[in-house]
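Letters A, B, ... mirror the listed sequences (proteins, then strands); counts begin at 1.
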There are 2 protein chains.
Amino acid sequence: MGIIERKEREKEQRRNDILDAAEKVFFKVGFENATMDEVAEMAELSKGTLYLYFSSKEDLYYAISIRALQVLRQLFEKTVPAGAPVLDKIIAIGKAFVQFAREKSDYFKTLVYFSSLPDCHEAIDRYEKLCEEKADPMSFFIQVLQQGIDEGKLRSDIPALQLAHILWTQTTGILNLAATKNIHFDLKDCSEDDLINNHIEIIKNGILKKG
Amino acid sequence: MGIIERKEREKEQRRNDILDAAEKVFFKVGFENATMDEVAEMAELSKGTLYLYFSSKEDLYYAISIRALQVLRQLFEKTVPAGAPVLDKIIAIGKAFVQFAREKSDYFKTLVYFSSLPDCHEAIDRYEKLCEEKADPMSFFIQVLQQGIDEGKLRSDIPALQLAHILWTQTTGILNLAATKNIHFDLKDCSEDDLINNHIEIIKNGILKKG
DNA sequence: TTTAATATATGACTGTTGGTCAAATTTTGG
DNA sequence: CCAAAATTTGACCAACAGTCATATATTAAA
């Protein structure tokens with residue numbers, strides 16, 4: 001009697017198919033310009049079906065944001081060697097974040113927009129679930145920072161949680177700036193790498209243990 | 001024959017009236033939920049008239065963003081003493097920014113959202129004009145940083161322009177985080193001030209001249 | 001003052017699109 | 001094979017951004 005389980009799997013599969021289609025459409029024409037009819041056509045389903053799996057267009061967007069978080073987390077897992085010295089780990093996380101912003105720029109932009117939105121985190125069970133299970137990228141980062149503090153490599157007067165959020169938002173801002181620097185015409189002729197390296201240069205001494 | 005001038009003034013006045021109305025509506029119910037009919041009603045004009053002054057709903061939003069930039073710039077002018085030591089000036093700018101994010105939170109949010117948007121800066125004559133005239137807050141900041149570099153108070157290996165953008169995005173990110181920290185439930189029990197002060201603590205040594 | 005020309009304002013109308021739901025189709029269990 | 005349950009469909013609706021022919025107000029000339 002594995003029918004219920006199979007149905008469960010099929011439902012999850014459908015959900016993923018819809019998300020695949022939505023990603024294609026959203027990333028191609030942008031969230032605002034995309035229509036639910038287009039997504040339905042791409043998914044080879046009727047529009048009504050979409051609403052059986054997602055309560056709204058926004059809900060679809062949020063679900064893609066969750067995916068983005070999962071992808072980033074996986075990149076961390078893959079890239080950051082578990083046994084390495086903690087400072088190397090931190091560097092690896094930074095590099096992975098840069099790589100994510102470059103190679104998965106659609107996902108990155110999704111996250112930037114996601115976090116600029118007011119009241120979006122709530123109402124997403126899956127996001128809360130992700131956080132509770134510590135399966136989000138931020139939790140990973142916090143753990144490594146805590147390790148750094150415990151080992152006396154990082155300053156200990158700022159709690160890991162706060163440190164993580166501060167560095168995270170700072171870095172997200174810079175990566176977004178680097179990605180959109182062509183908009184700021186006065187920044188056109190400095191490289192992304194310059195921006196990122198200078199950013200690191202500025203905060204580096206701010207987080208290390210003195211002496 | 002001051003008729004043309006008067007008409008010019010009246011047009012600008014109308015434009016401002018519409019913006020006032022749009023601000024009220026947008027800030028009250030949010031940009032997405034607001035309708036052009038509501039704005040028209042608030043402005044005591046017909047919807048058609050709005051479109052004589054602004055090409056779209058987005059255009060209205062952008063115009064409000066420009067206002068936000070002007071307000072912030074004026075706050076800088078008012079708050080930052082021209083003759084003060086340059087490091088004091090920088091601190092004053094930081095404080096003014098914090099004040100802006102707190103007391104003019106609607107404008108602040110407008111700017112955050114504005115800069116997270118792809119391709120929005122172009123197509124706005126008034127924004128480019130503001131930048132060209134160095135009447136935007138960023139230009140003000142750059143000038144002060146340049147002064148700091150020239151006087152040997154700040155590190156000189158990072159150009160003022162880049163330094164400004166880096167600090168700007170970092171700080172915007174933190175202020176936004178502080179403003180929305182209630183969303184990140186794990187941050188609920190640390191104060192905004194903590195976040196901001198720790199942020200400053202981290203970058204402080206990174207921008208000062210060594211020694 | 002009258003009038004023609006120009007500038008400005010109006011609101012009914014349209015096309016698009018997010019979201020709904022009664023009916024149709026498929027699947028399940030007896 | 002059939003009825004009950006689950007799933008899918010697409011015609012339909014309401015809301016809303018944006019348009020435009022018409023109306024009103026203003027200006028400059030006669």
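- For B:L52 and D:dC20, the CG to C1' distance is 11 Å, given to the nearest whole Å.
- Here the P atom of nucleotide D:dA6 and the CD atom of A:E8 are 13 Å apart, to the nearest Å.
- Nucleotide C:dA9 holds its P atom 11 Å from the CG atom of B:L50, rounded to whole Å.
- Here C:dT28 presents its C1' atom at 12 Å from CD of A:E10, a figure rounded to the nearest Å.
- Protein atom CZ of A:F54 is 13 Å distant from nucleotide atom P of D:dT8, rounded to whole Å.
- Of the N and O atoms on the side chains of B:Q13 and B:D17, at least one donor lies less than 3.5 Å from an acceptor on the other residue.
- In this structure, OH of B:Y51 is placed 13 Å from C1' of C:dT14, rounded to the nearest angstrom.
- B:E12 and B:R126 are joined by a salt bridge, as a carboxylate oxygen and a charged side-chain nitrogen come within less than 4.0 angstrom of each other.
- The interatomic distance linking B:D59 (CG) with D:dG18 (C1') rounds to 13 Å, in whole Å.
- Judged purely by distance below 3.5 Å, without hydrogens or angles, the side chains of A:T169 and A:T172 never pair a donor atom with an acceptor atom.
- Using a 4.0 Å heavy-atom criterion, one finds that B:S55 contacts no nucleic acid atom at all.
- Contact annotation: A:Y53 side-chain N/O to D:dT8 OP1/OP2 distance is under 4.0 Å.
- With contacts defined as side-chain heavy-atom distances shorter than 4.5 Å, the pair A:F100/A:Y107 qualifies.
- Looking at B:E10 and B:R6, a side-chain N of the basic residue comes within less than 4.0 Å of a carboxylate O on the acidic one, giving a salt bridge.
- Remark: A:L45, A:S46, A:G48, A:T49 in residues 25-49 of chain A come within less than 4.0 Å of DNA chain D through at least one heavy atom.
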All N/O pairs under 3.5 Å across the protein-nucleotides 22-27 of chain C interface:
none

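- One interatomic measurement links the two molecules: CZ of A:R14 to P of D:dA6, which rounds to 17 Å at whole-angstrom precision.
- Legend: residues meeting side-chain hydrogen bond (donor to acceptor under 3.5 Å, both in side chains) with B:D194, ordered by chain and number and at least two apart, are absent.
- With respect to A:D106 and A:R67, no salt bridge is recorded, no charged nitrogen being found less than 4.0 Å from a carboxylate O.
- Checked for salt-bridge contact, B:E201 and B:K204 meet the test: a charged N lies under 4.0 Å from a carboxylate O.
- A salt bridge does not link A:E23 to A:K104: none of the charged nitrogens lies less than 4.0 Å from a carboxylate oxygen.
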